[in-house]
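Before any comments, here is the structure.
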There are 2 protein chains.
Amino acid sequence: MDDIRFAVLGTGGIGRRTLEVSQHKDGLTAVAACDRNGVAVDHDGLDVDELLDATEGNIASGPQGGPGQSSGDEPRDSGPDEASGSTPATPTDDYASDGGAAAVEGGGVKQHGDQSGIVASEQGEPTETPIDDIIAESDAVDAVLLALPNLEHDFIPRVAERFAEADYEGVMIDVLKRSRVIGMLDDREGLLRESGITFVCGAGATPGFLTGAAALAAQSFVEVEAVEIWWGVGLKSGYEDNRGTVREDIAHLDGYDIETAREMSEDEIEALIDEHDGVLEFHDMEHADDVLLERAGICDAEDVHVGGVLDVRSDEKPTTTTVSVTGTTFDGETGTNTFELDDATSMEANVNGPALGYLKAGVRNNRAGHYGVFGPADLMPGF
Amino acid sequence: MDDIRFAVLGTGGIGRRTLEVSQHKDGLTAVAACDRNGVAVDHDGLDVDELLDATEGNIASGPQGGPGQSSGDEPRDSGPDEASGSTPATPTDDYASDGGAAAVEGGGVKQHGDQSGIVASEQGEPTETPIDDIIAESDAVDAVLLALPNLEHDFIPRVAERFAEADYEGVMIDVLKRSRVIGMLDDREGLLRESGITFVCGAGATPGFLTGAAALAAQSFVEVEAVEIWWGVGLKSGYEDNRGTVREDIAHLDGYDIETAREMSEDEIEALIDEHDGVLEFHDMEHADDVLLERAGICDAEDVHVGGVLDVRSDEKPTTTTVSVTGTTFDGETGTNTFELDDATSMEANVNGPALGYLKAGVRNNRAGHYGVFGPADLMPGF
């Protein structure tokens with residue numbers, strides 16, 4: 001495949017690690033990145049090491065309204081941080097990252113330059129319109145990875161809309177999790193097609209890697225009865241960097257929802273974690289794996305169950321990440337195929353590798369003129 | 001996806017089961033099938049049940065020169081059967097199936113009509129040019145599944161060539177196994193592209209299903225060190241139908257090769273099987289998984305190892321079919337991801353489901369104008 005020039009919107013955890021992992025991959029050149037306050041563009045390829053160095057600590061931790069994050073692998077980009085005095089972001093704001101959020105109380109994370117984030121990089125330029133700045137360069141971009149906080153459920157869909165309205169022709173890819181967002185993208189499919197956009201949604205670990213595994217494991221069967229996605233994340237050393245993520249996960253616990261989790265103080269969260277000895281177990285989470293498998297015709301959304309165990313006091317995974325697909329074969333046998341990730345593979349490896357893998361598949365499709373909205377299962381053998 | 005009209009070349013084990021499994025799938029209509037002596041075409045869809053009934057017993061068993069078959073899941077179509085008096089087929093012959101081969105000594109399989117095979121079906125017409133007859137209908141065909149005996153290594157590639165020369169625009173898909181065939185298809189890629197053919201090669205179980213699983217399991221890693229594909233097949237009740245397959249497998253045992261296996265008498269094979277108490281174990285088989293993973297950039301062909309255990313005296317799998325992919329993550333950890341098929345899933349389910357799954361993916365690509373030669377791993381997230 002010819003070289004792929006890509007841009008990253010957002011330089012929180014996902015954005016930065018995408019840049020990092022891309023350096024290990026053939027045929028990927030990062031040409032643009034932006035966060036809340038800055039943009040860096042180099043058509044010959046950014047100096048990723050310098051950029052990563054300068055943006056180290058771009059991690060949010062305060063009470064935030066981030067995306068529906070569960071396996072600890074979405075941008076820990078946070079919502080607007082009242083403590084840092086910024087105004088609440090809305091989808092029409094050009095809020096492209098968590099840059100700035102690291103100043104949150106209790107963060108204790110590294111900061112560079114007068115301002116944090118991309119503007120601390122030699123390659124960065126300050127801007128008040130980072131997304132527009134990237135759109136302005138998008139003729140020279142084959143793929144855009146959205147590592148943005150999906151503050152409102154329609155934030156990512158609305159960003160896609162803006163690219164479409166600017167006649168961007170290329171791939172957009174996100175690692176969103178919430179089931180309800182997929183329909184909002186589907187609603188915009190006509191607009192995306194018209195522009196020439198191949199939008200790959202839900203392409204992180206789960207949904208993403210594990211959705212694809214489920215779609216593949218289903219191939220033995222003519223009828224799929226159940227898909228169980230069960231993840232384990234050990235987050236001791238990554239805990240500080242992933243407080244926003246943990247907060248999101250709490251929203252999935254019994255008695256909590258997005259709103260209550262968002263409003264909890266840090267102390268309340270710590271108390272809750274203490275109560276559970278650092279180990280939180282989740283069942284029936286709202287992960288888009290369900291609608292993504294249903295829209296690919298593999299099974300009903302209600303037959304998909306996502307859960308897992310998060311241990312914030314150990315780096316060992318508390319349980320092995322496993323996808324189990326139970327179905328019936330054409331010759332009438334019932335069985336369960338399984339896909340297991342080695343406990344040594346980190347959450348980050350399992351988000352960012354697949355995200356770039358799906359990005360490449362997206363580019364393959366886009367270059368062939370295949371536009372619209374694709375879930376991970378749509379980029380697999382058909383069912 | 002709009003309805004897919006497909007044709008099957010060959011009505012041996014793979015061809016017949018493809019027709020059978022397709023009836024459990026949405027959006028697939030079988031419109032044509034052929035074997036050595038006959039062709040059946042119905043643009044509104046064949047009566048698959050009637051065709052299957054009429055062609056029951058279309059299985060070869062005698063000493064044959066079939067394709068590089070190892071996991072017992074390729075067309076057990078055989079070469080020309082001297083015992084039945086036919087002349088040796090060559091790639092330029094219109095030999096499209098194993099019809100007729102069932103008359104082989106010791107077969108004891110069901111026969112219908114004056115002639116065996118498709119002509120025994122109410123829908124069948126006798127022909128001396130079955131492949132040309134299908135080509136003549138190919139404007140109304142979206143995909144052609146080649147369940148042909150790859151008598152010579154270049155037989156399948158040359159059939160593809162004939163479709164290309166007739167300006168067929170659509171998908172062709174095979175379940176071939178031998179590594180060396182892939183290069184022969186690649187040599188014809190220009191011709192296939194020009195015609196508008198999307199050729200999906202090696203799309204059965206292994207290569208195919210398990211190649212795809214390896215490509216997906218690799219997504220955690222930035223460097224893949226080893227891919228181990230290990231299959232188990234229990235073939236007691238299917239033994240009579242799969243003698244040709246067993247013969248092919250024997251070619252992979254120490255001290256044997258394709259030629260020696262082809263020349264063995266039935267008695268010699270039985271003696272060898274007795275010697276092994278019915279259980280044959282294979283290592284380092286020539287399966288195209290290796291070149292298919294290498295051409296997708298996932299690892300070196302030499303790092304891929306395929307082996308397995310065949311038990312012809314039990315229907316239980318003697319070992320669990322497993323794909324293990326060992327690699328290093330971007331953050332420096334080494335691990336092994338695994339994909340396991342339930343022992344209850346038959347070889348047939350694991351060949352024919354994926355073959356139709358890859359066929360659908362091929363049609364998706366073909367309709368988008370994406371032509372050329374694709375392995376299973378090329379229809380997965382990129383690496």
Side-chain angles (χ1 to χ4, degrees), chain A residues 1 4 17 20-21 23-27 203 209 212-213 215-223 297 326-327 329-331 333-346 348-350 352-354 356-361 363-365 367-371 376 378-383, chain B residues 1 17 20-21 23-27 203 209 212-213 215-223 297 326-327 329-331 333-346 348-350 352-354 356-365 367-371 376 378-383:
Chain A
M1 185 180 287
I4 295 171
R17 284 192 304 261
E20 186 179 352
V21 175
Q23 296 195 286
H24 297 274
K25 296 277 185 180
D26 292 332
F209 195 8
L216 192 67
Q219 293 285 320
S220 298
F221 309 118
V222 293
E223 187 77 41
T326 301
T329 63
F330 80 103
D331 44 3
E333 299 287 336
T334 297
T336 301
N337 292 342
T338 52
F339 182 70
E340 277 191 14
L341 299 181
D342 195 300
D343 288 349
T345 62
S346 64
E348 291 84 352
N350 293 325
N352 293 279
L356 289 171
Y358 284 119
L359 182 150
K360 285 188 171 186
V363 170
R364 225 158 46 201
N365 276 275
R367 288 182 177 165
H370 208 187
Y371 310 134
D378 301 319
L379 297 170
M380 291 284 157
F383 187 69
Chain B
M1 183 181 289
R17 284 193 304 262
E20 186 179 351
V21 176
Q23 296 194 287
H24 297 274
K25 297 277 186 181
D26 292 332
F209 195 9
L216 192 69
Q219 293 286 321
S220 298
F221 309 118
V222 294
E223 186 79 39
T326 302
T329 63
F330 81 103
D331 44 4
E333 299 287 337
T334 296
T336 300
N337 293 341
T338 53
F339 181 69
E340 276 192 14
L341 299 182
D342 194 299
D343 288 349
T345 62
S346 64
E348 291 84 354
N350 293 323
N352 293 280
L356 289 171
Y358 284 119
L359 183 150
K360 286 189 172 185
V363 170
R364 225 158 47 203
N365 277 273
R367 288 182 177 164
H370 208 188
Y371 310 134
D378 301 319
L379 298 170
M380 291 282 156
F383 187 70

(request) Give the intermediate values and the outcome of side chain to side chain contact (heavy atoms under 4.5 Å, CB included) for residues Tyr358(B) and Gln219(A). (result) CA-CA 10 Å; Tyr358(B) 284 119; Gln219(A) 293 285 320; over 6 Å; no
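Atoms CZ and CG, on Phe339(B) and Leu341(A) in that order, are 12.5 Å from each other to the nearest 0.5 Å. Atom CG of Asp331(A) is separated from atom CD of Glu20(B) by 7.5 Å, given to the nearest 0.5 angstrom.
Contacts with chain B were tallied for Glu223(A), Glu340(A), Glu333(A); Glu340(A) has the most, counting heavy-atom pairs under 4.5 Å. Chain B forms more heavy-atom pairs under 4.5 Å with one residue of Gly353(A), Pro354(A), Gly297(A), Gly327(A) than with any other, namely Pro354(A). The choice from Thr329(A), Val21(A), Asp378(A), Thr338(A) that makes the most heavy-atom pairs within less than 4.5 Å of chain B is Thr338(A).
Of all non-hydrogen atoms in Leu216(B) and Gly212(A), the two that sit nearest each other are CD2-C, 3.6 Å. Scanning all heavy atoms of the two residues, the minimum distance from Lys25(B) to Phe221(A) falls at NZ-O, 3.7 Å. Residues Ser220(B) and Phe209(A) share a closest heavy-atom pair of OG-CE2, 3.2 Å. Here the shortest heavy-atom pairing between Arg364(B) and Leu379(A) reads NH2-C, 3.9 Å. Nearest heavy-atom pair across Ala344(B) and Gly335(A) is CB-CA, 4.5 Å. In terms of heavy-atom proximity, Phe383(B) sits nearest to Lys360(A) at O-NZ, 2.6 Å.
Dense packing is recorded around CD of Gln23(B), with more than 12 heavy atoms of other residues, nucleotides or ligands lying under 6.0 Å away.
Heavy atoms of Thr334(B) lying under 4.5 Å from chain A belong exclusively to its backbone. Contact annotation for Ala215(A): neither backbone nor side-chain heavy atoms come within less than 4.5 Å of a heavy atom of chain B. In this structure, no portion of Ala218(B) lies under 4.5 Å from any heavy atom of chain A.
Formation of a donor-acceptor pair under 3.5 Å by the Asn337(B) side chain with backbone atoms of Asp342(A) is found in this model.
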